[in-house]
> 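Here's a structure for you.
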Amino acid sequence: MRFYDTLSGSIIEFRPMHKNRINIFVCGPTVYDDFHIGHARTYIFFDTIVKFMRSIGYSVFYLQNITDIDDKIIKRASEENTTPEYIADKYFKEYLRIMSELGVDSVNYYAKATLYIDEIISQIKRMIDKGYAYETSDGVYFEVKKFKDYGQLSKQNLDNIIENARGILNEDKKNPEDFVLWKKMKPGEPYWESPWGKGRPGWHIEDTAITETYFGDEYDIHGGGSDLIFPHHEAEIAQMRSISNKKYLAHYWIHTGMININSEKMSKSLKNYITIKDVLKDYTPNELRFAVLNANFNKSIEFSRDSLNEAREALSRIINTYRKLENIELENGDYKIDYNYIIKKYIDIMSDNFDTRSLIKEIMGLVAEINKNIDNIDKKTALNILKIFDYINSFMNIIPRKRSIDASTINAILNIRSMLRSEKRYDLSDYIRKELEASGLHIEDKNNETQWWIE
RNA sequence: GGAUAGGUGGCAGAGAGGUUAUGCGUGGGACUGCAGAUCCCAUUUACUAGGGUUCAAAUCCCUACCUAUCCUCCA
């Protein structure tokens with residue numbers, strides 16, 4: 001398995017720290033508002049690759065943090081006249097709900113930042129002891145210039161960062177590039193006790209406290225959106241490595257590309273974001289997954305209704321073929337496939353930089369091939385092909401499960417319709433078809449035979 | 001200003017020195033009572049611009065221009 005690693009800046013072969021075992025941490029969201037398709041892209045992608053890695057034999061522990069204390073949460077709470085805990089809890093639940101709707105179910109554990117205050121304090125203490133952090137009137141800060149590798153991940157030179165640092169002016173800190181580890185409480189804010197008085201953790205520290213708790217000071221893969229590379233992930237590296245003195249925090253870094261709207265990054269600040277909830281009003285979760293996976297993970301993608309519609313078209317081609325295969329009853333057919341060869345080819349494609357886009361292209365090729373030979377495929381072969389689709393689906397999750405329905409009733413209705421058609425009573429037969437389609441069935445006539453499935 | 005990606009046919013988007021990408025769209029055809037689904041054919045020499053290297057360049061080198069991202073919170 002090889003993939004693009006942000007730290008080395010190239011596609012490199014993956015070697016897990018422990019044989020056949022992978023520890024992966026992905027930055028979760030701050031829970032203060034509805035989630036947008038940028039979140040969807042990142043979390044669908046990591047869901048897919050974790051499931052893929054499991055499918056080829058790795059035991060993967062997938063850990064994700066939840067930022068449940070933050071300025072934005074506090075702000076939102078005061079706007080809505082409620083408590084930060086209430087906001088955090090409400091949107092955490094919403095996050096779980098929407099992820100489950102998207103079929104994102106591979107995360108082993110969601111770690112909420114506020115449950116790791118002791119670990120956070122312990123890390124800050126160690127940074128102070130080692131001379132990397134200092135206390136001021138309003139908090140504890142990490143002194144960036146003490147950590148010489150700062151900038152390595154984002155490929156920036158430390159002097160440059162120092163020169164360009166914009167630092168917030170009213171903070172009492174030594175240098176503008178220094179970042180906060182602990183914020184001392186201002187009146188009315190939520191707080192936890194600490195050696196530096198009442199306060200709350202900074203944003204970067206929660207992740208290293210959580211990963212140290214579960215994975216130790218080094219682990220295999222750290223993932224997240226590419227907008228987190230600087231300063232968030234740079235800060236995480238500085239924190240953990242200044243304590244551990246090791247060469248790595250995570251051995252590999254995987255960053256997902258951004259979603260663009262009208263060639264501009266979609267973001268909260270630009271207010272050009274589309275929520276997942278809104279997309280799901282008009283498109284299925286499978287269609288959204290397909291749209292997002294039909295691109296290289298580390299490139300930005302242009303998102304629009306057109307791209308969703310395109311995903312819908314392509315996906316329905318796959319699903320139609322899948323349903324046709326399910327309906328095959330033929331005993332002997334000439335068309336055969338090499339199951340092992342195809343599965344191996346697909347695994348190779350995924351193993352090369354998680355190339356879901358090329359994989360989709362391959363599947364479309366297989367679909368075309370099957371359609372050309374559809375009358376020559378026997379039941380046994382059809383089941384084999386379905387197994388291939390099921391394998392792909394075990395990590396892509398793009399083909400919806402069949403809803404159960406009483407087939408005998410449908411068949412009875414369709415038998416009546418066939419009789420009507422043979423008597424050329426098309427007004428009635430078309431009416432029946434229209435009604436069945438309206439209730440979500442796909443109906444296809446082929447000479448005297450009628451195939452159907454649930455859309 | 002610094003850093004990082006890029007600029008490919010109507011659109012989306014692979015490829016990385018010599019061989020048709022592919023998909024969508026569009027046009028035509030086959031099948032069909034119609035619809036749908038599917039198939040076939042066509043869309044007959046696309047690679048930002050200018051230089052260079054080479055027998056050969058979309059692909060390597062140089063220059064210019066353009067776009068996005070990061071350098072503040074963000075997936």
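Within every chain, numbering begins at 1; the chains are lettered A, B, ... in the order of the sequence lines, protein sequences first and strands thereafter.
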> Are OP1 or OP2 of B/C34 and a side-chain N or O of A/K434 less than 4.0 angstrom apart?
no
> Which value, in whole Å, describes the distance between the P atoms of nucleotides B/G52 and B/C73?
48 Å
> Please classify the nucleic acid contact of A/H36 as base, sugar-phosphate, or nothing, using heavy-atom distances under 4.0 Å.
base
> Could you tell me which nucleotide pairs with B/A42 by Watson-Crick or G-U wobble geometry, both distances under 3.5 Å, or answer none if nothing does?
B/U26
> If I take atom NZ in residue A/K299 and atom P in nucleotide B/U8, what distance separates them, rounded to the nearest angstrom?
12 Å
> State the pairing partner of B/G17; accept Watson-Crick or G-U wobble contacts with both distances under 3.5 Å, and report none otherwise.
none
> Base, sugar-phosphate, or nothing for A/N320, non-hydrogen atoms under 4.0 angstrom?
sugar-phosphate
> How would you label the contact of A/K265 with the nucleic acid (heavy atoms, under 4.0 Å): base, sugar-phosphate, or nothing?
base
> Nearest-Å distance, CG (A/N272) to P (B/U69)?
10 Å
> With sugar-phosphate meaning primed atoms plus P, OP1 and OP2, does A/A368 contact a base, only sugar-phosphate, or nothing at under 4.0 Å between heavy atoms?
sugar-phosphate
> Watson-Crick or G-U wobble partner for B/G33, using a 3.5 Å limit on both distances?
none
> Check this for me: does any side-chain nitrogen of one of A/D352 and A/R2 sit under 4.0 Å from a carboxylate oxygen of the other?
yes
> Does B/A14 have its OP1 or OP2 closer than 4.0 Å to a side-chain nitrogen or oxygen of A/N296?
yes
> Return the value, rounded to whole Å, for the distance between atom CD1 of A/I318 and atom C1' of B/G23.
11 Å
> So that I know where these two stand, are A/F25 and A/F215 an aromatic pair - ring centroids less than 6.0 Å apart?
no
> Do A/R433 side-chain and B/A35 base share a donor-acceptor contact under 3.5 Å?
yes
> Measure from the side chain of A/R417, starting at C-beta and using heavy atoms only, and say which of B/G36, B/G2, B/G33 lies closest.
B/G33
> Can a side-chain donor-acceptor contact be found between A/N415 and A/S418 if the only test is distance below 3.5 angstrom?
no
> Whole angstrom is fine here: how far is it from CD1 in A/I11 over to C1' in B/A16?
13 Å
> Hey, does A/R357 reach any base, or is it just sugar-phosphate, or nothing, if we go heavy atoms under 4.0 Å?
sugar-phosphate
> Please tell me which of the listed nucleotides, B/C34, B/U4, B/A37, lies nearest to the side chain of A/K155?
B/U4
> Categorize A/K361 for me: base, sugar-phosphate, or nothing, with a 4.0 angstrom heavy-atom threshold over every strand shown.
base
> Taking only the P atom of each, what is the distance from B/U22 to B/G29 in whole angstrom?
24 Å
> In whole angstrom, give the distance that lies between atom CE of A/M364 and atom P of B/G23.
8 Å
> Does the pair A/K183/A/E189 count as a salt bridge with the N-to-O cut at 4.0 Å?
no
> With a 3.5 Å limit on both atom pairs, tell me what B/A5 is paired to, counting Watson-Crick and G-U wobble, or say none.
B/U67
> Find which nucleotide of RNA chain B each of A/S226 and A/V367 is nearest to by heavy atoms, and output the residue with the more 5' nucleotide.
A/V367
> Give the nucleotide from the list B/U38, B/G23, B/G33 with an atom nearest to the side chain of A/N371.
B/U38
> Would you kindly check whether a donor in the side chain of A/D445 faces an acceptor in the base of B/C34, or vice versa, at under 3.5 angstrom?
yes
> Select base, sugar-phosphate, or nothing to describe what A/F230 touches, counting heavy atoms under 4.0 Å on all strands.
sugar-phosphate
> Counting just side-chain N and O atoms, does A/R312 come under 4.0 Å of either OP1 or OP2 of B/G23?
no
> With RNA chain B as reference, determine whether A/E437 or A/H204 sits nearer its 5' end, using the nearest nucleotide of each.
A/E437
> Classify the side chain of A/K372 versus the base of B/C39 as yes if they form a donor-acceptor pair under 3.5 Å and no if they do not.
no
> Which part of the nucleic acid, if any, lies within reach of A/I443 when heavy atoms closer than 4.0 Å are counted: base, sugar-phosphate only, or nothing?
base
> Given atom CD1 of A/I301 and atom P of B/G13, what is their separation to the nearest angstrom?
9 Å
> Are A/F395 and A/Y346 close enough that their ring centres sit under 6.0 Å apart?
no
> May I ask you to say what A/I259 touches in the nucleic acid, namely base, sugar-phosphate or nothing, with a heavy-atom cut-off under 4.0 Å?
base
> What nucleic acid atoms does A/R317 come within less than 4.0 Å of, heavy atoms only: base, sugar-phosphate, or nothing?
sugar-phosphate
> Between B/G13 and B/U48, how far apart are the two P atoms, rounded to whole Å?
15 Å
> In whole angstrom, give the distance that lies between atom CG of A/N353 and atom C1' of B/A14.
14 Å
> Check this one for me: any side-chain N or O of A/N260 less than 4.0 Å away from OP1 or OP2 of B/A68?
no
> Could you please name the option among B/A75, B/G33, B/U38 that lies closest to any side-chain atom of A/P29?
B/A75
> Determine the contact category for A/K324: base if any of its heavy atoms lies under 4.0 Å from a base atom, sugar-phosphate if only primed atoms, P, OP1 or OP2 are that close, otherwise nothing.
sugar-phosphate
> Contact class for A/G38 vs. all strands (heavy atom < 4.0 Å): base, sugar-phosphate, or nothing?
base
> Describe, in one word, how the ring planes of A/H204 and A/H232 are oriented to each other, choosing from parallel (under 30°), tilted (30 to 60°) and perpendicular (over 60°).
tilted
> What I want to find out is whether A/K324 reaches A/D375 closely enough, with some N-O distance under 4.0 Å, to be called a salt bridge.
no
> Are A/E437 and A/K434 within salt-bridge range, i.e. N to O under 4.0 Å?
no
> A/S263 near the nucleic acid: base, sugar-phosphate alone, or nothing, with a heavy-atom cut-off under 4.0 Å?
sugar-phosphate
> Could you check how far CE of A/M258 sits from C1' of B/G6, rounded to whole Å?
16 Å
> What does A/G9 touch in the nucleic acid at a heavy-atom separation under 4.0 angstrom: a base, only the sugar-phosphate, or nothing?
nothing
> Using 4.0 Å as the upper bound for N to carboxylate O, is an ion pair formed by A/E101 and A/R97?
yes
> Considering only side-chain heavy atoms of A/N160, which listed nucleotide, B/A3, B/A35, B/G2, is closest?
B/G2
> B/A75 base stacked by A/Y43? Criteria: ring centres under 5.5 Å, plane angle under 30°.
no
> Just name whichever nucleotide pairs with B/C47, Watson-Crick or G-U, keeping both distances under 3.5 Å, else none.
none
